[in-house]
Amino acid sequence: MLGPVLLAASRSDGIRRIVSAAPVTRPVVDRFVAGERLGECLTAVRALAGRGIDVTIDFLGEDITDASEALRTRDAYLALAEALAGEGLGERAEMSVKLSAFGQALPDGHDLAYRNVLPVVEAAAEAGTTVTLDMEDHTTVDSTLAILGELRARFPQTGAVLQSYLFRTEEDCRALAGEGSRVRLVKGAYKEPATVAYQDKHEVDRAYVRCLKILMAGKGYPMIGSHDPRMVAITQELAHRCGRKPDEYEFQMLYGIREAEQERLVAEGHRMRAYVPYGTDWYGYFMRRLAERPANLAFFLRSLLTRG
């Protein structure tokens with residue numbers, strides 16, 4: 001029952017101030033966030049690449065309140081693309097973006113987000129990499145998928161994220177299972193109403209498997225975003241049934257979570273990608289990580305008690 005409470009807390013400015021000010025918070029955040037500056041992030045990326053793990057990098061920020069913040073996000077990603085090109089990491093590192101950080105929720109937000117993200121997608125292509133559009137709450141799905149369609153007209157490698165807890169996602173999977181499409185399938189990490197999303201964990205899991213079957217049987221490139229051992233095993237079985245080679249799909253897990261499992265999958269010949277966030281606006285991301293898995297919350301509480 002703590003999950004919904006933590007998801008609500010992720011949008012609370014008051015709780016944000018309390019958590020951010022707690023002396024023990026920073027060391028715990030460091031487990032999930034690869035630093036606040038680009039240089040720190042690149043250090044983590046190089047270390048992961050050295051272990052055979054690819055990455056997708058997220059400059060943290062969402063729910064911005066003015067257009068200048070959207071431009072700051074755009075410029076941060078342009079700097080990231082330039083750094084990846086300079087480091088020769090284009091083949092190992094892609095970028096994940098949240099369109100709310102590009103102005104999607106502002107007046108004229110759909111067009112604003114597209115105008116701001118387009119230079120980032122262009123820069124990624126020049127750097128030899130690509131961009132995946134993260135999915136946020138259900139009110140943004142239509143806009144995000146429409147922007148995806150516009151971007152894919154010029155940059156077909158642009159990826160999308162779909163969340164299995166939404167009722168609509170099976171149909172979205174069918175629409176995006178075509179040739180060249182890249183889809184990261186996740187369970188979902190936002191507090192959604194019962195009118196649009198499954199509320200029971202087992203229903204979410206069953207929906208995830210149904211969506212996974214659609215993507216694995218399609219002609220696109222599935223990206224399996226899950227730490228659940230059952231989903232990893234099901235993916236391996238479906239890949240075998242569908243005749244998929246190891247380079248025709250990939251596993252994705254969050255930075256700092258199930259690291260031994262990530263290395264095990266690499267050792268078995270699977271493609272593994274870690275979702276690596278960095279930046280100062282880490283609070284919302286951090287709270288969703290606590291809400292997703294009881295082990296994450298237990299880790300944070302143990303740190304509070306130990307350091308307290």
Side-chain angles (χ1 to χ4, degrees), residues 33-62 69-104 112-135 144 147-161 179-184 220-223 225 247-255 262 266 271-281 285:
V33 177
E36 295 190 347
R37 295 181 293 277
L38 177 55
E40 295 171 311
C41 173
L42 292 175
T43 297
V45 168
R46 286 191 292 267
L48 289 164
R51 288 154 45 200
I53 298 173
D54 293 339
V55 302
T56 184
I57 304 171
D58 174 17
F59 175 70
L60 292 170
E62 54 193 279
E69 293 179 84
L71 293 177
R72 183 177 74 90
T73 298
R74 180 202 65 187
D75 292 345
Y77 275 102
L78 291 176
L80 173 57
E82 183 179 4
L84 292 177
E87 295 268 347
L89 288 169
E91 292 186 359
R92 304 302 301 270
E94 64 158 44
M95 299 186 290
S96 287
V97 305
K98 288 181 173 59
L99 291 178
S100 67
F102 286 79
Q104 190 179 42
L112 178 63
Y114 175 74
R115 290 196 302 270
N116 284 332
V117 80
L118 178 59
V120 173
V121 177
E122 292 172 333
E126 291 175 6
T129 186
T130 189
V131 169
T132 294
L133 305 184
D134 280 343
M135 197 61 75
T144 298
I147 290 174
L148 173 72
E150 294 181 75
L151 292 171
R152 289 198 70 218
R154 288 181 55 195
F155 303 96
Q157 70 274 29
T158 306
V161 177
E179 188 78 40
S181 182
R182 297 170 60 255
V183 177
R184 179 196 305 150
Y221 182 78
M223 302 180 285
D247 62 350
E248 293 177 338
Y249 65 99
E250 68 182 47
F251 292 102
Q252 295 193 0
M253 296 184 186
L254 298 172
Y255 176 76
Q262 294 184 32
V266 169
R271 191 171 190 188
M272 180 72 235
R273 190 180 302 274
Y275 186 99
V276 179
Y278 79 101
T280 59
D281 193 8
Y285 176 86

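In this text, all values refer to a predicted model and were calculated from it rather than measured experimentally. Worth knowing before you read on, the calculation uses all heavy atoms, side chains too, and leaves out hydrogens, waters and symmetry mates. Counting from 1, the numbers follow the sequence of the chain as shown.
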Any residue meeting side chain to side chain contact (heavy atoms under 4.5 Å, CB included) with P156, in chain and number order, not counting sequence neighbours: R152
Would you say the side chain of L151 lies within less than 4.5 Å of the side chain of L133, judging by non-hydrogen atoms? yes
Less than 4.5 Å apart, any side-chain heavy atom of L89 and any of V55? no
Do T56 and M223 come close enough that some side-chain heavy atom pair is under 4.5 Å? no
Sort out for me which residue in Y275, Y255, Y278 forms a side-chain hydrogen bond (donor to acceptor under 3.5 Å, both in side chains) with D58. Y275
Locate the shortest heavy-atom distance separating L148 from G159; write the atom from each residue and the value. CD1-O, 3.6 Å
For A101 and T73, the nearest pair of non-hydrogen atoms, with its separation, is O-OG1, 3.2 Å
Residue pair L42 / A83: nearest heavy atoms and the distance that separates them: CD1-CB, 3.8 Å
Carefully, step by step, assess V97 and Y77 under the rule side-chain contact (heavy atoms from CB on, under 4.5 Å). CA-CA 9 Å; V97 305; Y77 275 102; 3.6 Å; yes
Side-chain donor or acceptor of T129 paired with backbone N/O of A93 under 3.5 Å: yes
Here the gap from S96 atom OG to R273 atom CZ, rounded to the nearest 0.5 Å, amounts to 8.5 Å
Check side chain to side chain contact (heavy atoms under 4.5 Å, CB included) between E150 and all other residues, then give those that pass, not counting sequence neighbours. H110, Y114, I147
What are the two closest heavy atoms between A127 and A81, and how far apart are they? CB-O, 3.6 Å
Show your working on side-chain contact (heavy atoms from CB on, under 4.5 Å) between E250 and Y221 and close with a plain yes or no. CA-CA 8 Å; E250 68 182 47; Y221 182 78; 2.7 Å; yes
Can you pull out every salt bridge (Lys or Arg N to Asp or Glu O under 4.0 Å) where at least one residue sits in residues 80-89? Sequence neighbours excluded, please. R46-E87
Can you see which heavy atom on V276 is nearest to which on C41, and at what distance? CG1-SG, 4.2 Å
Just grab all the salt bridge (Lys or Arg N to Asp or Glu O under 4.0 Å) pairs involving residues 120-135, residues at least two apart or on different chains. K98-D134, E122-R154, D134-R184
If you compare all heavy atoms of A124 against all heavy atoms of V131, which two are closest, and at what distance to 0.1 Å? CB-CG2, 3.8 Å
Take L78 and R74 through the side-chain contact (heavy atoms from CB on, under 4.5 Å) test and state the conclusion after the steps. CA-CA 6 Å; L78 291 176; R74 180 202 65 187; 4.2 Å; yes
Under a 4.5 Å cut-off applied to non-hydrogen side-chain atoms, are V120 and F102 in contact? yes
Contacts of type side-chain hydrogen bond (donor to acceptor under 3.5 Å, both in side chains), residue Q104, not counting sequence neighbours: S143, T144
Between atom CD of Q262 and atom CG of L254, what is the distance when rounded to the nearest 0.5 Å? 8.5 Å
Mind checking what makes side chain to side chain contact (heavy atoms under 4.5 Å, CB included) contact with A49, not counting sequence neighbours? R92
Heavy-atom check, side chain of T280 versus side chain of L60, under 4.5 Å: no
Can you tell me how far apart CE (M95) and OG1 (T158) are? Round to the nearest 0.5 Å. 10.0 Å
Do L99 and V117 come close enough that some side-chain heavy atom pair is under 4.5 Å? yes
Contact check, side chains of F155 and L118, non-hydrogen atoms, under 4.5 Å: yes
Under 4.5 Å between any side-chain heavy atoms of R115 and L112, yes or no? yes
Interatomic distance, CG@L38 vs CD1@I57, rounded to 0.5 Å, equals 8.0 Å
Going from CG on D281 to CD on E69, what distance comes out if it is rounded to the nearest 0.5 angstrom? 8.5 Å
Trace of the side-chain contact (heavy atoms from CB on, under 4.5 Å) decision for E94 with Q157: CA-CA 11 Å; E94 64 158 44; Q157 70 274 29; over 6 Å; no
If I take atom CG from residue L80 and atom CG from residue D75, how far apart are they, to the nearest 0.5 angstrom? 12.5 Å
